[in-house]
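Right, one structure below, let's go through it.
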Amino acid sequence: MSWIIYALACILLYGIMVFFIKVASGNGNPIASSMFFISAQFLVQIILGAYFISKNNMDIDYNSIKYSVIGGIAAAGGTILYFLALQQAPISKVAPVVNMNLVIGVLLGVILLKDAMNLRIAAGIVLAVTSIYLLTNGN
């Protein structure tokens, strides 16, 4: 399957996820809500992961495990902070700011993985940062 199909499905699912994180963070305990979120995510991840591995006979190496654990630790911390932020501010402000994580990912990819950086990508980053300013300032 093409990467773009996966990416578009990811956009849809992440959008639904953000909405429900905001609802869960509403008046309750955002830390407890984040723990239930991560637990549900873990369960579904195990089930779907096992399914895809069984269908595609994917091999896993030590570096994949090591980097996945580090990424998982970062995601857990980020998730708790996301719930806390959404408890205190509207989704229309928090979600765009949090999604600036993509800029960090692109920059790390360029610096550490030697991904290509060109004028178009740089312009996209500048426009993304500008959009955050426009979305988070004012009414």
Side-chain angles (χ1 to χ4, degrees):
M1 187 179 285
S2 171
W3 69 268
I4 194 71
I5 301 294
Y6 291 132
L8 292 172
C10 184
I11 290 170
L12 174 66
L13 292 173
Y14 277 4
I16 293 167
M17 174 193 76
V18 169
F19 171 78
F20 282 107
I21 288 174
K22 174 61 178 173
V23 173
S25 296
N27 296 323
N29 180 337
I31 304 299
S33 296
S34 71
M35 290 171 59
F36 284 107
F37 169 84
I38 291 173
S39 297
Q41 183 180 10
F42 175 76
L43 180 62
V44 173
Q45 184 82 37
I46 293 296
I47 293 167
L48 288 177
Y51 170 77
F52 282 112
I53 288 172
S54 72
K55 290 292 182 189
N56 297 309
N57 195 21
M58 297 179 185
D59 294 325
I60 301 174
D61 64 277
Y62 173 74
N63 281 332
S64 294
I65 295 169
K66 176 176 67 175
Y67 295 131
S68 296
V69 168
I70 295 168
I73 291 167
T79 298
I80 290 169
L81 297 173
Y82 197 30
F83 273 81
L84 288 168
L86 282 169
Q87 184 186 42
Q88 298 175 23
I91 195 171
S92 61
K93 291 189 184 263
V94 175
V97 171
V98 168
N99 283 307
M100 286 301 295
N101 69 65
L102 301 173
V103 172
I104 303 297
V106 168
L107 293 176
L108 287 173
V110 168
I111 294 166
L112 300 176
L113 301 177
K114 307 299 183 218
D115 285 353
M117 171 61 86
N118 56 36
L119 185 59
R120 186 175 180 167
I121 294 169
I125 290 171
V126 169
L127 290 172
V129 171
T130 303
S131 74
I132 297 307
Y133 174 78
L134 294 172
L135 288 167
T136 59
N137 287 302
N139 299 342

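L13 shares a hydrophobic cluster with no other residue; no ILVMFWY side chain has heavy atoms under 4.5 Å from its own. Taking Ile, Leu, Val, Met, Phe, Trp and Tyr as members and joining any whose side-chain heavy atoms lie under 4.5 Å apart, directly or through other members, the hydrophobic cluster of L43 also contains I47.
Atom CD1 of I46 is separated from atom CD of Q41 by 11.0 Å, given to the nearest 0.5 angstrom. In this structure, CG in L135 is found 12.0 Å from OH in Y133, a value given to the nearest 0.5 Å. With rounding to the nearest 0.5 angstrom, the CD1 atom of I21 is 7.0 Å from the CG atom of L86. The SG atom of C10 lies 11.0 Å from the CD1 atom of I4; values are rounded to the nearest 0.5 Å.
The list of ring-ring contact (aromatic ring centres under 6.0 Å, His included) pairs with a residue in residues 93-126, not counting sequence neighbours, is empty. Sorted by first and then second residue, the side chain to side chain donor-acceptor pair (under 3.5 Å) pairs with a member in residues 14-25 form an empty list; sequence neighbours excluded.
Shown here are the side chain to side chain contact (heavy atoms under 4.5 Å, CB included) partners of F20, two or more places apart in sequence or in another chain: I16. By the side chain to side chain contact (heavy atoms under 4.5 Å, CB included) test, S64 is found to be paired with I60, D61, residues two or more places apart in sequence or in another chain being considered. Residues passing the side chain to side chain contact (heavy atoms under 4.5 Å, CB included) test with I70 are K66, Y67, sequence neighbours excluded.
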Residues 48-56, side-chain donor-acceptor partners within the protein, below 3.5 Å, at least two apart:
| from | atom 1 | to | atom 2 | distance (Å) |
| --- | --- | --- | --- | --- |
| S54 | OG | A50 | O | 3.3 |
| S54 | OG | Y51 | O | 2.7 |
| N56 | ND2 | F52 | O | 3.1 |

Show me the side-chain donor-acceptor pairs of residues 99-111 shorter than 3.5 Å, one per line, residues at least two apart or across chains.
| from | atom 1 | to | atom 2 | distance (Å) |
| --- | --- | --- | --- | --- |
| N99 | ND2 | A95 | O | 2.8 |
| N101 | ND2 | V98 | O | 2.8 |

Check: residues 116-129 side-chain donor-acceptor pairs under 3.5 Å, at least two apart:
| from | atom 1 | to | atom 2 | distance (Å) |
| --- | --- | --- | --- | --- |
| N118 | OD1 | R120 | N | 3.1 |
| N118 | OD1 | I121 | N | 2.9 |

For residues 28-37, please give each side-chain donor-acceptor pair under 3.5 Å, one per line with the distance, not counting sequence neighbours.
| from | atom 1 | to | atom 2 | distance (Å) |
| --- | --- | --- | --- | --- |
| N29 | OD1 | I31 | N | 2.9 |
| N29 | OD1 | A32 | N | 3.2 |
| S33 | OG | A24 | O | 3.2 |
| S33 | OG | N29 | O | 3.1 |
| S34 | OG | P30 | O | 3.4 |
| S34 | OG | I31 | O | 2.7 |

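Considering only heavy atoms from C-beta on, L8 comes within 4.5 Å of I11 through its side chain.
A chain of hydrophobic side-chain contacts below 4.5 Å, direct or via other Ile, Leu, Val, Met, Phe, Trp or Tyr residues, connects I91 to M17.
The 12-atom threshold is not exceeded at CD of Q45, counting heavy atoms of other residues, nucleotides or ligands nearer than 6.0 Å.
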